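Each chain gets a letter, A, B and so on, in the order its sequence line appears, and its residues count up from 1. Please read all numbers here as calculations on a predicted model, not as lab measurements.
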Protein chains: 2
Amino acid sequence: MVTIADVARHAGVAPSTVSYVLTGKRSISPQTRTKVRESIRLLGYHPHAGARALATSRANVVALVLPLRHGVHLPVVMRFVTAAVTTARRHDMDVLLVTADQGAQGLRRVAGSAQVDGFLVMDVELDDDRVPLLRQIAQPSVLIGRPAAVKGLTCVDLDFEAAGARCVDHLADLGHRYIGFLGAPSVVYQRNTGYAQRTMAGFGAAAMRRGIASTALPAEDDYESVLASVRSLLRTQPAMTALVVHNEAALGWVAGSLRALGRRVPDDVAVVAICPDELAEQMQLTSVQLPAEELGRQAMELLVARLNGHPAAPVTLLPPKLSGRASTAPRLRRA
Amino acid sequence: MVTIADVARHAGVAPSTVSYVLTGKRSISPQTRTKVRESIRLLGYHPHAGARALATSRANVVALVLPLRHGVHLPVVMRFVTAAVTTARRHDMDVLLVTADQGAQGLRRVAGSAQVDGFLVMDVELDDDRVPLLRQIAQPSVLIGRPAAVKGLTCVDLDFEAAGARCVDHLADLGHRYIGFLGAPSVVYQRNTGYAQRTMAGFGAAAMRRGIASTALPAEDDYESVLASVRSLLRTQPAMTALVVHNEAALGWVAGSLRALGRRVPDDVAVVAICPDELAEQMQLTSVQLPAEELGRQAMELLVARLNGHPAAPVTLLPPKLSGRASTAPRLRRA
DNA sequence: TTGAAAGCGCTAACAC
DNA sequence: GTGTTAGCGCTTTCAA
């Protein structure tokens, strides 16, 4: 292995000089700098990460804590991940993957061994047992999602409540008076998942505000279940003319289910999805964007800022954005 | 921070003794052991990963190199990842996430800085520019997938050629004589992706062997494209009674497309998918399993074994397994 | 069965 | 503008 001493010898300078060339923490004469740079290139030198971590108490690695469990839509997770990793790399940080199944236990281990400088935690539940731990450990953390008690935590999230409401408002403005809601698989609600519950709450409250009748049901992610849920919604509320869908995996089956039940989109039933824009675009659905990349990027930026000594930011809520597409149309009054 | 010296002082022993208790590399009297263990617990001691890496030249971290680019089906990727991470943790290893967009450059950096002890590389192409690098670096690597030249490389892969052939055989045995093939998005083939090409090759060769007419087309992952591809297949080969689909993202649209074109599954057109079992189960499709978890697990096991001094394994090919479901039925001879 | 001490490779005072 | 050197926390020889 080629060490900093090798480089120093080769360039005819002291090891510390090489270090300073690398870190830029003190001024170096141009000649020395080029000489050192040349030696580094020639010898193919890379600083030993462990040694550096030991000397600086900084690993230049952040932990990315992922869900990977039932009911979370994996493509969406991947979007977060890509954005987070890309952003981390832009700040010369690497990313250690920690799966949620390792639990609070896993976090403690990683934190204790100083493997990482900070934590980016995805898919936080309303009452998450990792939160107390995150408050204890030495490293700062940023959450994607919001637990019930956010005091002192840095969180980034889509304003799901507003997102639910936005769907209702859009449909109400188009003249719809009976709206259904197709939610995530029921396990997601059982788990006390913030975003799912908040969307529901926002949806329900907005419907009340606008004097609109609403019915909601969860949906699993296979065709049969979706069909059953949609059928059940229509049976409960025969006058239903619009549907809000907050379930990426079910999305593909919704149009088919409605068709199978004799309803056409958007003429008989209008559909609004809450999902990543790309997915909505692909199926030509009116949708409220789930800005996964934006959330991942912002969360990582906040974490990096924190690591660089900036004060902890509180909760960042992204406002929902609705894009109109082919699946919604004004409700025609029938005489 | 609590160090090994703190623990030693607290337990009234030498630092080295604490170290030996931890690593088990020499025998310790039961009394001392319990005393030390107690101090560790009390003080909440965790060895500093960087310091340990420096002293042992072992980071206990492996790099997981992921695709995350267009045309790869993210849920499948996630399956690999979960299995790989879980397996790594079972061997007390952590996982550093390296995205493919960082390229060979990124691998060199990570390898050079001794951040990881080995590499697990997913989605390897036939002519992959990372392969030469992997041969150079100090750390061993295991590939999921197979480049054209596998000499000296450890690879784990599904036998995609056999998988393609298996589909044909199944359909041929049922009496089908005209079979279509719906492949991955065309970019995947343009990229020279091994598994896609091998499946095609196996499919084609088997069809020739069995004297069966075959037609193949790529498919993008939206409904319109799938419909167009299926229509085109039917136009090219009007007698087509069976379809092999090697495209997870398109799978959801296949049945609908066939229906839209007046064909019912399996009566008019039988469908065999090559995809993860769970997906096939969900849609009730006869399928050849894509054993993502198994591949991820085996790859990681091989890597860990290598790190523990075992000799490098060559290419491991998993045999394809076909599960019959509702989407295929014997072809009825029409008089 | 245990302790003492020499590094592992790097950074950051401190000195000039 | 540059060199010298004392650690960072751990492992592992060597010695007892």
Side-chain angles (χ1 to χ4, degrees), chain A residues 1-37 39-40 43-61 92 94 109-117 138, chain B residues 1-37 39-40 43-61 92 94 109-117 138:
Chain A
M1 184 195 195
V2 35
T3 74
I4 201 171
D6 297 327
V7 176
R9 207 170 309 121
H10 185 271
V13 299
S16 58
T17 301
V18 178
S19 175
Y20 285 122
V21 166
L22 249 22
T23 62
K25 288 190 179 170
R26 84 175 177 194
S27 54
I28 302 279
S29 76
Q31 304 92 299
T32 312
R33 203 198 336 268
T34 23
K35 210 169 41 180
V36 170
R37 288 242 174 85
S39 301
I40 289 179
L43 301 183
Y45 168 71
H46 287 271
H48 188 289
R52 179 172 271 184
L54 183 55
T56 59
S57 320
R58 280 271 252 150
N60 289 311
V61 176
D92 270 304
D94 276 291
R109 184 182 57 80
V110 170
S113 64
Q115 274 190 100
V116 302
D117 306 319
Chain B
M1 184 193 194
V2 35
T3 74
I4 201 172
D6 297 329
V7 176
R9 207 170 309 124
H10 186 271
V13 300
S16 56
T17 302
V18 177
S19 175
Y20 285 121
V21 167
L22 249 22
T23 62
K25 288 190 180 170
R26 82 175 177 196
S27 54
I28 302 279
S29 76
Q31 305 92 298
T32 313
R33 203 200 334 270
T34 22
K35 211 169 40 178
V36 170
R37 288 243 175 85
S39 301
I40 289 179
L43 301 183
Y45 168 70
H46 287 270
H48 188 289
R52 179 172 273 183
L54 183 54
T56 60
S57 318
R58 281 270 253 150
N60 289 311
V61 177
D92 269 306
D94 276 291
R109 184 181 58 80
V110 170
S113 64
Q115 273 190 99
V116 303
D117 306 320

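Using a 4.5 Å cut-off on side-chain heavy atoms (C-beta onward), B:Arg9 and B:Asp6 make contact. Residues B:Val13 and B:Val21 have side chains not in contact (no heavy-atom distance under 4.5 Å, counting atoms from C-beta outward). Side-chain contact check for B:Ile28 versus B:Val36: every heavy-atom pair is 4.5 Å or farther apart. At least one side-chain heavy atom of A:Arg109 sits under 4.5 Å from a side-chain heavy atom of B:Asp94.
With rounding to the nearest 0.5 Å, the separation of CD in B:Gln115 from CD in A:Gln115 is 10.5 Å. Atoms CG and CZ, on A:Leu22 and A:Arg33 in that order, are 12.0 Å from each other to the nearest 0.5 Å. Here the straight-line distance linking atom CG of B:Leu43 with atom OG1 of B:Thr3 works out to 9.5 Å at 0.5 Å rounding.
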What pairs of nitrogen or oxygen atoms, one from the protein and one from nucleotides 10-12 of chain C, lie under 3.5 Å apart?
| from | atom 1 | to | atom 2 | distance (Å) |
| --- | --- | --- | --- | --- |
| C:dC10 | OP1 | A:Tyr45 | OH | 2.4 |
| C:dC10 | OP1 | A:His48 | N | 3.2 |
| C:dC10 | OP2 | A:Ile4 | N | 2.3 |
| C:dT11 | OP1 | A:Arg52 | NE | 2.6 |
| C:dT11 | OP1 | A:Arg52 | NH2 | 3.0 |
| C:dT11 | OP2 | A:Ser19 | OG | 2.9 |
| C:dA12 | OP1 | A:Lys25 | NZ | 3.4 |
| C:dA12 | OP2 | A:Lys25 | NZ | 3.3 |
| C:dA12 | N7 | A:Tyr20 | OH | 3.2 |

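Over its full length, the helix from C:dT1-D:dA16 to C:dC16-D:dG1 turns its helical axis through 40°, comparing axes from the five pairs at each end and rounding to 10°.
Taking the side chain of B:Ala14 as heavy atoms from C-beta on, and the options C:dC8, C:dG3, D:dG3, the nearest nucleotide is C:dG3.
Smallest separation of non-hydrogen atoms from A:Val2 and A:Gly44: CG1-O, 3.8 Å. Residue B:Gly112 comes nearest to A:Met1 through the heavy atom pair O-CE, 4.0 Å, listed as atom of the first residue, atom of the second, then distance.
Atom-to-atom, CG of B:Asp6 to P of D:dC8 comes out at 11 Å; the value is rounded to the nearest Å. Atom pair B:Arg58:CZ and D:dC10:C1' shows a separation of 16 Å (rounding to whole Å applied).
At distances below 3.5 Å, at least one donor-acceptor pair connects side-chain atoms of A:Asp117 with backbone N or O atoms of A:Asn60.
For residues 26-33 of chain B, proximity to DNA chain D is found at B:Arg26, defined as any non-hydrogen atom under 4.0 angstrom from a strand atom.
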